[in-house]
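Since the structure comes first, as structure tokens, the remarks are kept for the end.
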Amino acid sequence: MTTPEDKRVQCPICLESFAWREDELYKRVVDDNGARWMKADLSGHTNQVLRRDRRARCYVRCPNPGKENHEHYLPVSHRDHGDPVVIGLVGRHASGKTHLLTTMIHEALRGDLRHHGLAFEPADELRHAAFQREIDQLLRGNKLNATKDLKEDFATYLLVRTASGTTRPIVFFDVAGEDFVQSGPQSLGGQFVLGATALMFVDHPAGALPALRGGGQPNRNPAFSGALERMGRRDDVEDLPVAVVLTKADELRYEHPVDYWIRREDLQEPLDAGVFREESRDLYAFLDRYEARPLLDVFERFHRSTLHVVSATGSQADGNDLFPRGVRPARVLRPLLALLSMCGLVDGPQAAEVGT
């Protein structure tokens, strides 16, 4: 099947646009010869239901027009539901991005945002199978490995169905913090910021708040500054929805106002933009008190932004990289709910006020 030439898509990996064609579909095959991509032949299927099922498991190869990236493939559903919402996490090494994204996706797929009319499902079985292994490992109490450098691919690809009946793809990127400060061919990992729909800027207390414990080191965040420098080439940069997230907030459970917000359970309450403003206001004062300028600079840079405290695991891992009491995430879906509200995927007048 060939899609008309005027139906073009932008690849979220290489950021190049190309005409979407389905006359060549691919599937991933694993056998004694290893894993490889093979062409999928659906021409023999006369049962249309069966054919749709087989098609849903196929991929389209991006022609990689710029020839900078490795060969890559997109799920066939990439064209079925309009342009994807691309959400990327920006943060330095060990800031907690990977644990935050893992627990966030787990809770979203579990249905924890259903009270806001949002239902999620995987749209890319191959990438999600790898991501599910990360989820399972963390739920068993194992600390996850840091994201590999120079990762060009997205982490997972979901579909979200809204209360109004809209279905949109959501692509999540999580790359190593070092990738935001690389140059030349090594800069491909962090280039998703050039095409992202929304962003989470993430940092942890040890990096964001050195003054809290009497640290004298200057408060710099090369990942933030590197991402912002690249994003400066976009004309729409100030209009991007942004959630600024202080992770590992369990380390600050006795610090006000973190103690109040990290314990608050309000996810099932009706969406209230005022609550997002209150949390942002309280955290802004807290961060300002301890001179957390990189986080505050990001918050101030964008027209619509929110501030959050989260804990992806509830405690620190021990010396064996284990969480002996398991993981107990807190408020990990609030940043995602804020971004989806700012992207227009949450119904109701309050959603339009989030981040203002």
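A side-chain donor from one of H78 and Y157 sits under 3.5 Å from a side-chain acceptor of the other. Side-chain polar atoms of D174 and T98 form a donor-acceptor pair below 3.5 angstrom. The closest side-chain donor-acceptor pair between D321 and N142, if any, does not fall under 3.5 angstrom. If you check the side chains of T167 and R161, you find a donor sitting under 3.5 Å from an acceptor. In the model, D124 has a side-chain atom that pairs as donor or acceptor with a side-chain atom of Y59 under 3.5 Å.
In terms of heavy atoms, K97 sits closest to R92 at NZ-O, 3.5 Å. Across every non-hydrogen atom of A223 and G177, the tightest pair is CB-O, 3.9 Å. Between V175 and G190 the shortest heavy-atom distance is CG2-CA, 4.4 Å. Residues A312 and V332 come closest through the heavy atom pair CA-CG1, 3.9 Å. Between M342 and T306 the shortest heavy-atom distance is CE-OG1, 4.0 Å. Across all non-hydrogen atoms, the minimal contact from A208 to N219 is O-ND2, 2.8 Å.
Annotation: Y26 is in aromatic contact with Y73 [ring centroid separation under 6.0 Å]. Ring centroids of F192 and F173 are separated by less than 6.0 Å, placing the two rings close together.
Cation-pi geometry between R334 and F276 is satisfied (NZ or CZ under 6.0 Å from the ring centre, within 45° of the ring normal).
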Report the C-alpha distance between R57 and D53 in whole Å, list the side-chain angles of each, state the deciding distance to 0.1 Å, and finish with yes or no for salt bridge (charged side-chain N to carboxylate O under 4.0 Å, His left out). CA-CA 7 Å; R57 302 171 185 272; D53 176 77; 3.7 Å; yes

Take S305 and V298 through the test side-chain contact (heavy atoms from CB on, under 4.5 Å) and record every step on the way to the result. CA-CA 9 Å; S305 55; V298 170; over 6 Å; no

Salt bridge (charged side-chain N to carboxylate O under 4.0 Å, His left out) assessment of E238 paired with R304: CA-CA 8 Å; E238 293 182 348; R304 296 189 71 181; over 6 Å; no

Between T313 and T103, does the side-chain contact (heavy atoms from CB on, under 4.5 Å) criterion hold? Intermediate values first, please. CA-CA 8 Å; T313 57; T103 53; 5.5 Å; no

Worked verdict on F120 versus E107 for side-chain contact (heavy atoms from CB on, under 4.5 Å): CA-CA 10 Å; F120 298 81; E107 293 192 357; over 6 Å; no

Carefully, step by step, assess L252 and V309 under the rule side-chain contact (heavy atoms from CB on, under 4.5 Å). CA-CA 10 Å; L252 305 172; V309 288; over 6 Å; no

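Under the 4.5 Å side-chain heavy-atom criterion for grouping Ile, Leu, Val, Met, Phe, Trp and Tyr, L287 is connected to W261 within one hydrophobic cluster. Residue V202 is not grouped with residue F299 when hydrophobic side chains (ILVMFWY) are merged at heavy-atom distances under 4.5 angstrom, including chains of intermediate members. The cluster map of Ile, Leu, Val, Met, Phe, Trp and Tyr, joined by side-chain heavy atoms under 4.5 Å apart, puts V193 and L240 in the same cluster. Using a 4.5 Å cut-off between side-chain heavy atoms of Ile, Leu, Val, Met, Phe, Trp and Tyr, with links allowed through other members, F302 and L340 fall into different hydrophobic clusters. Taking hydrophobic clusters as Ile, Leu, Val, Met, Phe, Trp and Tyr residues chained together by side-chain heavy-atom distances below 4.5 Å, F154 does not share a cluster with V85.
A donor-acceptor contact shorter than 3.5 Å links the side chain of R234 to the backbone of A196. Using modelled atom types, no side-chain atom of E134 and backbone atom of N145 make a donor-acceptor pair closer than 3.5 Å. A distance-only check finds a donor-acceptor pair linking the side chain of T247 to the backbone of S95 [under 3.5 Å]. A donor-acceptor contact shorter than 3.5 Å is absent between the side chain of R54 and the backbone of H45. Judged purely by atom type and a 3.5 angstrom limit, R8 uses its side chain to pair as donor or acceptor with the backbone of S17. A donor-acceptor distance shorter than 3.5 angstrom exists from the side chain of N47 to the backbone of L50, with no hydrogens or angles considered. A side-chain donor-acceptor contact under 3.5 Å links H116 to the backbone of L267. A donor-acceptor distance shorter than 3.5 angstrom exists from the side chain of H99 to the backbone of L144, with no hydrogens or angles considered. Without hydrogens or angle criteria, R127 side chain to P75 main chain gives no donor-acceptor distance under 3.5 Å. Side-chain atoms of N69 never come within 3.5 Å of backbone atoms of N64 as a donor-acceptor pair (strictly under, hydrogens ignored).
More than 12 heavy atoms of other shown residues, nucleotides or ligands fall within 6.0 angstrom of atom NE2 in H115. Atom CG of D259 sits in a crowded spot, with more than 12 heavy atoms from other residues, nucleotides or ligands closer than 6.0 Å. Residue-environment remark: CD (E16) exceeds the threshold of 12 foreign heavy atoms within 6.0 Å.
How far NE2 of H303 is from CG of D236: 11.0 Å, rounded to the nearest 0.5 Å. With values rounded to the nearest 0.5 angstrom, C14 atom SG is found 12.0 Å from E71 atom CD. The line from CG of L194 to CE of M231 is 8.5 Å long, rounded to the nearest 0.5 Å. The CD1 atom of I135 sits 6.0 Å away from atom CG of L109, with the distance rounded to the nearest 0.5 Å. Rounding to the nearest 0.5 Å gives a distance of 11.5 Å between CG of L126 and NE2 of H128. Residue L283 holds its CG atom at 7.5 Å from CG of L246, rounded to the nearest 0.5 Å.
Between R264 and E279 there is no salt bridge, since no side-chain N of the basic residue sits under 4.0 Å from a carboxylate O of the acidic one. Ion pair R277/E353 flagged as a salt bridge, since at least one NZ, NE, NH1 or NH2 atom sits closer than 4.0 Å to an Asp/Glu carboxylate oxygen. Taking 4.0 Å as the cut-off between side-chain N and carboxylate O, D297 and R301 do not count as a salt-bridged pair. One finds a salt bridge joining R55 and E22 here, because a Lys/Arg side-chain nitrogen approaches an Asp/Glu carboxylate oxygen to under 4.0 Å. A salt bridge links R331 to D266: at least one charged side-chain nitrogen sits closer than 4.0 Å to a carboxylate oxygen. Between D31 and R36 a salt bridge is recorded (basic side-chain N to carboxylate O distance below 4.0 Å).
Under the rule for a salt bridge (charged side-chain N to carboxylate O under 4.0 Å, His left out), R325 has no partner lying at least two apart in sequence or in another chain.
Side-chain atoms of W37 and V29, non-hydrogen and from C-beta on, never get closer than 4.5 Å to each other. Inter-residue side-chain proximity for H72 and D153 is flagged as unmet; no heavy-atom pair is nearer than 4.5 Å. Using a 4.5 Å heavy-atom cutoff, the side chains of V60 and W20 are in contact. Annotation: side chain of L296 is in contact with side chain of D288 (closest heavy-atom distance under 4.5 Å). Looking at heavy atoms from C-beta onward, L336 lies out of side-chain contact with H308 at the 4.5 angstrom threshold. Looking at V346 and V354, their side chains never come closer than 4.5 Å, going by heavy atoms from C-beta outward. The shortest distance between side-chain heavy atoms of S77 and P169 does not fall below 4.5 Å. Contact check for M200 versus L89: side-chain heavy atoms found under the 4.5 Å cut-off.
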